[in-house]
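Comments concern the structure below.
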Amino acid sequence: LLEIGHDLGAALMTARALEGERQLVRELQQLDDHRTQLIATLSHELRTPLTVISGNLELLGELSLDDLAAHLQQAMTRGTRRMQKVVDDLLLLAQVSDPQHPLQQVPVDLGEVVQEVCSLVETTARAKRLRLDVDLAPGPLLVAGDPAELDRLIGNLVSNAVKYTPEGGTVSVTTSRRGESLVVRVSDDGLGISEEDQIGLFRPFFRTSNPDALLHPGTGLGLAIVATIIERHGGAVEVDSRLGRGTTFTVVLPADGVPVAVPAGAVRSS
Ligand code: ADP
C-alpha cells in the first residue's frame with residue numbers, strides 16, 4: 001500500500017507539472033497574441049498621420065523653396081518614406097502572424113508571380129548592370145494560397161537578391177517541380193551571408209553585421225515576412241550562402257494543397 005501511495009503521489013505530481021506546463025503554454029500564447037495585436041493596432045494608428053505628413057510634404061515640394069527649405073523638405077520626405085515602409089511592413093507581419101487572420105486559398109500560378117516580380121525589378125537590375133536570369137518550368141505551377149502574400153514572398157527574395165548583389169553580378173530565379181511540391185529558387189552571386197548571421201536571418205528587425213549590406217537601407221522585416229508567409233502556406237525555406245560568394249534561397253511549397261515532403265514551416269540554413 002505504501003508503494004501504491006508513493007506511485008500515486010508521483011503520478012499526481014507529474015499530472016500537476018503537466019497541467020502547469022499547459023497553463024504556461026496558454027499564458028505565453030496569450031501574451032504573444034497581445035503582442036501581435038498591439039503591433040497591428042500601433043502600426044494601423046500610425047499609418048493615417050504618416051499619410052497626412054507625406055501628402056503635405058509633397059505639396060510643400062511643389063512650392064518654390066529656397067535651397068535650405070528644399071533640402072529640409074527632401075530630408076523629411078526621405079525620413080517619412082522610411083517610417084511608412086517600417087509601419088507597412090510591421091502591419092503586414094502582424095497580419096500574417098495572426099492565427100485569426102484567415103488565409104485566402106485560391107489557385108495561384110507561381111510562374112506568373114515570378115514573371116511579374118521580375119518585370120518589376122528589371123529597371124533597378126538594369127541600372128546596376130545585373131544579369132537577371134529567369135528559368136520557368138513549363139506549364140502552370142499551381143499553389144493554393146493568397147496571391148498578394150505569394151507575390152510579397154517572391155518579391156522580397158528577388159528584391160533582396162538585386163539589392164545585395166554589387167554591379168555586374170547575376171541574379172537567377174528558377175521554378176521547378178519536386179514530387180508533389182513546387183520549388184522556387186532565388187540565387188545571386190552577391191555579398192553572401194556569414195554562417196553566424198544565417199542563424200538570426202528570419203527574425204524580425206535582423207540585419208547582418210556585414211558593413212557592405214548595411215550601406216543599403218532596409219527594415220530587417222522582409223525575411224521575417226517571407227518565413228511567416230511560407231509557414232502559413234505549409235511550405236519550407238532553405239538558405240545556402242557563403243560570405244563574398246552569394247546566396248541561394250530555396251522555397252518549397254505544396255502543389256495545390258498537397259503537403260510538402262520536408263517538415264512544414266522548416267526554416268533551414270545549410
Ligand atoms: P532588409 O530590409 O534589411 O533587407 P530582410 O529581412 O529582407 O531585411 O533581410 C535581412 C538581412 O539579411 C539584410 O539586412 C541583409 O543583410 C541580409 N540579406 C537578405 N537577403 C540577402 C541576400 N540575397 N544577399 C545577402 N544578404 C542578404
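Just so it is clear, the model here is predicted, and its values are computed rather than measured. Read the numbers this way: they start at 1 and go in the same order the structure lists the ligands and their atoms.
Residue, atom and distance of the protein heavy atom nearest to atom 19 (C) of ligand 1 are Asn160 ND2, 3.5 Å. The closest protein non-hydrogen atom to atom 3 (O) of ligand 1 is Arg207 NE, 2.8 Å. Here the protein heavy atom with the shortest distance to atom 26 (N) of ligand 1 is Ile193 CG1, 3.4 Å. The protein heavy atom nearest to atom 23 (N) of ligand 1 is Asp188 OD2, 3.0 Å. Scanning the protein heavy atoms around atom 2 (O) of ligand 1, the nearest turns out to be Thr219 N, 2.8 Å. Nearest protein neighbour of atom 17 (C) of ligand 1, counting heavy atoms only, is Thr208 CG2, 3.7 Å.
His44 NE2: 12 or fewer foreign heavy atoms inside a 6.0 Å radius.
Ligand 1 has an N or O atom lying under 3.5 Å from an N or O atom of Leu223, backbone or side chain. In terms of N/O distances under 3.5 Å, ligand 1 is not approached by Ala213. Considering backbone and side-chain N/O of Leu191, none are found under 3.5 Å from N/O of ligand 1.
Using 4.0 Å as the threshold, Lys163 has a heavy atom nearer than that to some atom of ligand 1. Residue Gly190 places every heavy atom at 4.0 Å or more from ligand 1. Using 4.0 Å as the threshold, Asn210 has no heavy atom nearer than that to any atom of ligand 1. Ligand 1 lies out of reach of Asn156, whose nearest heavy atom is not under 4.0 Å from it.
Each of the following atoms of ligand 1 lies closer than 4.0 Å to a heavy atom of Leu221: 6 (O), 8 (O). Close approach of ligand 1 to Leu201 (heavy-atom distance below 4.0 Å) involves ligand atoms 12 (O). Taking every non-hydrogen atom of Phe206 and a distance limit under 4.0 Å, the qualifying atoms of ligand 1 come out as 10 (C), 11 (C).
Remark: of the listed residues Asp98, Val96, Leu153, Val96 is the sole one forming a side chain to side chain contact (heavy atoms under 4.5 Å, CB included) with Thr228. Residue Val239 forms a side chain to side chain contact (heavy atoms under 4.5 Å, CB included) with just one option from Thr250, Leu201, Leu223, and that option is Leu201.
A search for side-chain contact (heavy atoms from CB on, under 4.5 Å) contacts involving Val106 returns Gln104, Val108, Pro147, not counting sequence neighbours.
Between the side chains of Asp33 and Gln37, not a single donor N or O lies within less than 3.5 Å of an accepting N or O. Using a 3.5 Å distance cut-off with no hydrogens or angles, the side chains of Gln23 and Glu27 do pair a donor with an acceptor.
Leu50 belongs to a hydrophobic cluster with Leu46, Met83, Val87, counting contacts under 4.5 Å between side-chain heavy atoms of Ile, Leu, Val, Met, Phe, Trp and Tyr, direct or through other members.
At least one donor-acceptor pair closer than 3.5 Å links the side chain of Thr175 to the backbone N or O of Ala137.
Between Tyr164, Phe205, Phe249, it is Tyr164 that holds the heavy atom closest to atom 25 (C) of ligand 1.
For the pair Glu149 and Arg152, the salt-bridge criterion is not met [side-chain N within less than 4.0 Å of a carboxylate O].
Residues Ser54 and Thr77 are not in side-chain contact: their nearest non-hydrogen atoms beyond the backbone lie 4.5 Å or more apart.
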Exercise for the section: With salt bridge (charged side-chain N to carboxylate O under 4.0 Å, His left out) as the test, would you mind laying out the steps for Glu238 and Arg185 before giving the verdict? Expected result: CA-CA 10 Å; Glu238 207 175 286; Arg185 191 166 282 139; over 6 Å; no

